[in-house]
Amino acid sequence: MANEIKKITGRALRLAGDDIDTDRIIPARFMRCVTFDGLGKYAFFDQRFDSKGKALEHPLNTAKAEDSPILIVGRNFGCGSSREHAPQALYRFGFRGIIGQSFAEIFAGNCVSLGFPAVVIEGQSYDDFIKTFQSDPDSSVSIDLEDQLVKISGKKFPFQMPQSSLKSLLDGKWDSMAELLSNKEAIEKKYQELPYLNQFTGV
Amino acid sequence: MGESLFTKVWNMHKVKTLSSGQDQLFIGLHLIHEVTSPQAFAMLKERGVKVLHPERTFATVDHIVPTKNRQRPFQDELAEKMLAALESNTTDYKISFFNLSTAYQGIVHIIGPELGLTQPGMTIACGDSHTATHGAFGAIAFGIGTSQVRDILATQTMAMNKSKVRRINVSGKLQKGVYAKDVILKIIEVLGVKGGIGYAYEYGGEVIENFTMEERMTVCNMSIEGGARFGYINPDQKTFDYLKGRKFAPQGEAFNRAIRFWKSLASDPDTHYDDVVNIDVSDMAPMITWGIHPGHALEVSKSIPALNRFSVDEKATAQKALEHMQLKEGQSLLGQKISVAFIGSCTNGRISDLREAAQFIKGKKVHKDVFAFVVPGSVQVKKQAEEEGLDKIFEAAGFSWRGAGCSICLGMNDDQLVGDQVCASSSNRNYIGRQGSPTGRTLLMSPAMVAAAAVKGELVDLREVI
């Protein structure tokens with residue numbers, strides 16, 4: 001299937017820092033829109049530009065950012081608002097996979113819905129991964145979903161991800177609508193059963 | 001072994017197990033607003049899919065609404081375009097929309113309960129992370145992304161993994177001047193901003209039981225700030241009394257049948273929880289935040305911890321917080337000058353919040369260096385407040401009295417901080433740039449604490465001035 005996501009490979013960009021919230025990823029004033037098109041240029045906008053629009057020193061402002069499909073982040077990335085605009089902005093900026101120490105729950109789920117794997121390397125292994133990455137920041141990094149490994153410079157780091165997310169990415173079913181729709185009969189049956197949709201009769 | 005409300009309600013709504021292993025969960029009530037829904041409708045149109053049960057989705061407009069001049073078209077063309085999109089989408093798909101011209105517009109998490117749409121035992125989803133607010137009624141309520149808004153519109157279901165449940169028992173007796181807002185900030189201080197990942201929080205214990213429904217909503221509202229996607233409280237007589245007679249609540253004999261159903265949902269006494277936490281709040285002072293996430297909270301009588309007191313996990317963020325906030329480790333926040341005071345939001349924009357603040361402000365004046373304003377959470381809250389004369393109290397003190405919406409909680413309309421202004425805010429997030437200015441500084445606290453800070457021009461311990 002065309003939607004199957006098995007491996008993301010390419011250079012990686014590191015964004016240091018923990019607890020980076022979705023307001024920082026995409027400030028609310030840039031969500032005054034009715035489509036996700038064009039959100040890429042606003043990713044981390046207030047960190048990348050000063051109030052006069054002058055570019056600041058920031059990993060996303062480097063030449064390398066333009067051809068780095070992988071983003072490396074820290075702990076609790078994507079906390080805060082449920083705005084899908086946040087992963088959309090990162091995806092439209094050009095990222096295709098994220099490696100972090102932990103992710104906020106709604107953010108991680110939103111990433112899966114876009115076919116945008118967010119994988120977790122835990123504990124000491126994360127520190128070792130960062131060291132390896134820093135020793136050659138331009139080397140190619142691979143997020144291999146089939147092997148459940150991040151591969152870099154001949155080294156392998158196991159990653160964590162909810163089994164259901166992994167499976168839906170590998171099977172190309174991360175866009176869940178079609179499968180949900182295929183159970184219409186069961187949905188209607190449920191509607192008929194729920195007390196609050198049926199005047200609380202039979203309770 | 002007994003079951004938790006979470007498990008009972010989840011199982012009741014499970015339609016199927018999907019190929020990924022996730023559950024297909026039926027969503028009983030779907031709430032939408034102008035920010036996270038237009039792209040979902042666009043995807044439906046693109047795929048030629050209809051809204052399966054338009055009668056189970058309700059819309060309002062809250063995030064982009066100007067609070068001063070609500071005349072259409074809005075001055076902000078982008079905001080106008082977003083509202084126009086919601087108007088045409090709700091018309092095209094026959095979805096009820098509590099638009100600006102209705103008596104029921106307001107913040108989505110304020111209007112759901114006040115209209116009686118929110119009820120125990122429901123699954124409630126909204127493209128908004130503060131949806132756990134509705135959990136105060138014993139519902140499973142949670143925030144979702146836009147792709148899930150699309151899925152629910154198309155199928156009235158979504159794909160989801162069941163969470164673990166952590167019971168949080170809150171005991172003790174709150175001091176005067178300490179509120180529900182302080183209790184949830186304390187819970188987040190204790191359990192951290194990541195502590196709730198993977199969990200639903202079940203709040204209970206004498207303090208929670210003694211809280212009114214509005215106070216319970218404040219607690220559940222900020223579950224996500226603790227990392228928990230769900231927060232809920234078992235329904236009781238207060239829940240039923242609150243709902244009775246509301247517009248969308250069951251009427252007549254159906255209401256009595258509903259109570260029987262609702263009572264059966266509460267967690268069983270012998271429920272086994274995945275985790276249990278006990279918190280005593282007896283000696284607690286009012287809470288404030290000093291940093292850049294809601295876990296950077298402390299009792300106002302205490303000082304910011306020294307950096308070496310933070311764990312390796314937290315130190316870098318704490319350092320960044322001190323830099324952004326222009327504060328020092330070991331410093332007390334008492335006496336911190338403020339320039340903006342905001343009372344409102346889905347956390348604290350209800351009538352009881354306005355009453356508490358007004359009671360303090362009555363006969364006093366806002367400090368000359370402070371811009372203070374009140375944004376009621378809904379048109380109904382505003383109307384009720386005006387009937388009680390609260391607007392006059394606020395205005396006499398120098399507060400600006402506004403129309404209903406989310407306002408400066410997230411600065412999507414023209415209510416925004418300027419430069420590095422410090423805002424005493426009754427809202428829920430103190431993230432960098434949250435209130436519209438990249439260098440703006442937010443201090444979270446209860447509405448009464450905001451009122452006290454507005455008068456003094458600086459942060460005070462509410463207990464010493466009431």
Side-chain angles (χ1 to χ4, degrees), chain A residues 16-19 21 23-24 27-29 31-36 46-47 51 74-76 79-85 87-88 102-106 109-110 113-114 162-165 167-168 171 173 175-177 179-181 183-184 186-187 189-191 193-197 199-201 203, chain B residues 12 15-16 18-22 24 26 28 35-36 38-39 42 64 78-79 81-82 85 119 121-122 127-129 143-148 150-151 154-159 161 193-194 197-198 227 229 250 254 257-258 260-261 293 313 316-317 320 410-412 429 431-434 436 438:
Chain A
D18 299 330
D19 303 303
D21 55 81
D23 278 271
R24 239 187 291 174
R29 64 184 191 281
M31 299 200 297
R32 284 152 51 243
C33 55
V34 293
T35 97
F36 291 129
D46 290 341
Q47 321 291 308
S51 57
R75 295 183 184 89
N76 198 28
C79 57
S81 154
S82 64
R83 58 187 72 164
E84 194 170 298
H85 303 66
Q88 287 277 4
S102 65
F103 293 95
E105 203 171 317
I106 303 179
N110 284 344
S113 308
L114 309 188
Q163 275 307 309
S164 57
S165 304
K167 191 163 185 331
S168 56
D171 293 350
K173 289 188 176 173
D175 182 334
S176 38
M177 200 180 92
E179 191 182 357
L180 294 171
L181 260 180
N183 296 328
K184 236 180 195 169
I187 296 169
K189 188 166 170 281
K190 185 57 77 183
Y191 197 114
E193 282 170 19
L194 285 167
Y196 60 83
L197 296 177
Q199 287 292 310
F200 299 93
T201 47
V203 296
Chain B
M12 196 187 300
V15 175
K16 280 223 161 164
L18 298 167
S19 60
S20 64
Q22 285 185 296
Q24 180 170 3
F26 188 96
V35 183
T36 54
Q39 301 86 350
I64 50 106
L78 296 174
K81 205 171 155 189
M82 291 170 79
Q119 293 169 23
M122 284 182 172
D128 194 292
S129 60
I144 55 176
T146 295
S147 296
Q148 279 118 32
R150 171 202 67 203
D151 287 352
T155 73
Q156 205 57 43
T157 64
M158 61 175 284
N161 285 318
V193 291
K194 303 188 276 289
I197 296 178
R229 196 171 185 177
R257 292 196 297 271
R260 281 202 295 280
F261 168 63
H293 67 51
D313 285 31
T317 305
K320 189 164 175 77
L410 83 168
M412 259 189 100
R429 286 181 177 149
Y431 299 140
I432 293 174
R434 169 75 177 180

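In what follows, chains are A, B, ... by sequence order, proteins preceding strands, each numbered from 1. Everything numeric here is computed off the predicted structure, so don't read it as measured data.
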Of the backbone (N, CA, C, O) and the side chain (C-beta and beyond), which part of A/Ala104 lies under 4.5 Å from a heavy atom of chain B, both, or neither? backbone
Contact winner vs chain A - B/Asn161, B/Leu78, B/Val193, heavy-atom pairs under 4.5 Å: B/Leu78
Most chain B-contacting option - heavy-atom pairs closer than 4.5 Å, from A/Leu114, A/Asp46, A/Ile106: A/Ile106
Atom of B/Phe26, atom of B/Thr157 and distance for their closest heavy-atom approach: CA-CG2, 3.9 Å
Can you tell me which of B/Pro250, B/Ala42, B/Ala85 forms the most heavy-atom pairs within a distance under 4.5 Å of chain A? B/Pro250
Between B/Tyr431 and B/His293, is any pair of side-chain heavy atoms under 4.5 Å apart? yes
Name the orientation class of the two ring planes belonging to B/Phe261 and A/Phe200 (parallel below 30°, tilted from 30 to 60°, perpendicular beyond 60°). tilted
Are the side chain of B/Gln24 and the backbone N or O of B/Ala159 linked by a donor-acceptor pair below 3.5 Å? no
Quick check against the 3.5 Å criterion: does A/Asp23 have a side-chain atom that pairs as donor or acceptor with the backbone of B/Gly433? no
Chain B heavy atoms under 4.5 Å from A/Ser51: which part of the residue, side chain, backbone, both or neither? neither
Between A/Asp19 and B/Lys320 (salt bridge meaning N to carboxylate O under 4.0 Å), is one present in this structure? no
Contacting moiety of A/Lys184, where chain B heavy atoms sit under 4.5 Å: side chain
Between A/Leu181 and chain B, with a heavy-atom cut-off of 4.5 Å, which part of the residue counts as in contact: side chain, backbone, both or neither? both
Could you measure the distance from the NZ atom of A/Lys167 to the OG atom of B/Ser19? Nearest 0.5 Å is fine. 5.5 Å
Who among A/Asn76, A/Thr201, A/Asn183, A/Leu180 has the most heavy-atom pairs with chain B under 4.5 Å? A/Leu180
Part of A/Pro27 lying under 4.5 Å from any heavy atom of chain B: neither
Okay, B/Gln119 and chain A: the region with an atom under 4.5 Å from a heavy atom over there is side chain
Within the 4.5 Å heavy-atom criterion, are B/Ile432 and A/Gln47 side-chain neighbours or not? yes
Heavy-atom cut-off 4.5 Å, strictly under: side chain, backbone, both or neither for B/Lys16 against chain A? side chain
Indicate yes or no: at least one non-hydrogen side-chain atom of A/Val34 is less than 4.5 angstrom from one of B/Lys81. yes
Under 4.5 Å from a heavy atom of chain B, the part of A/Leu197 involved: side chain
Worked verdict on A/Arg83 versus A/Asp21 for salt bridge (charged side-chain N to carboxylate O under 4.0 Å, His left out): CA-CA 11 Å; A/Arg83 58 187 72 164; A/Asp21 55 81; over 6 Å; no
Quick check on the interface: out of B/Asp128, B/Leu410, B/Thr317, B/Asp313, who has the most heavy-atom pairs with chain A under 4.5 Å? B/Asp313
Chain A contact via B/Arg429 - side chain, backbone, both or neither, heavy atoms under 4.5 Å: side chain
Chain B: which of A/Cys33, A/Ser168, A/Gly109 shares the most heavy-atom pairs with it under 4.5 Å? A/Cys33
Given heavy-atom pairs under 4.5 angstrom as the criterion, report whether the side chain, backbone, both or neither of A/Tyr191 touches chain B. both
Heavy-atom contact with chain A under 4.5 Å, split by part of B/Leu18: both
Spatial distance of atom NE2 (A/His85) from atom CZ (A/Phe36) [nearest 0.5 Å]: 5.0 Å
Sort A/Asp18 into side chain, backbone, both or neither according to what part of it lies under 4.5 angstrom from a heavy atom of chain B. both
Go through B/Met12, B/Arg150, B/Arg260 and name the one with the most non-hydrogen pairs under 4.5 angstrom from chain A. B/Arg150
Quick check on the interface: out of B/Ala316, B/Gly28, B/Gly227, who has the most heavy-atom pairs with chain A under 4.5 Å? B/Gly28
What distance do A/Ser113 atom OG and A/Gln88 atom CD have between them, rounded to the nearest 0.5 Å? 9.5 Å
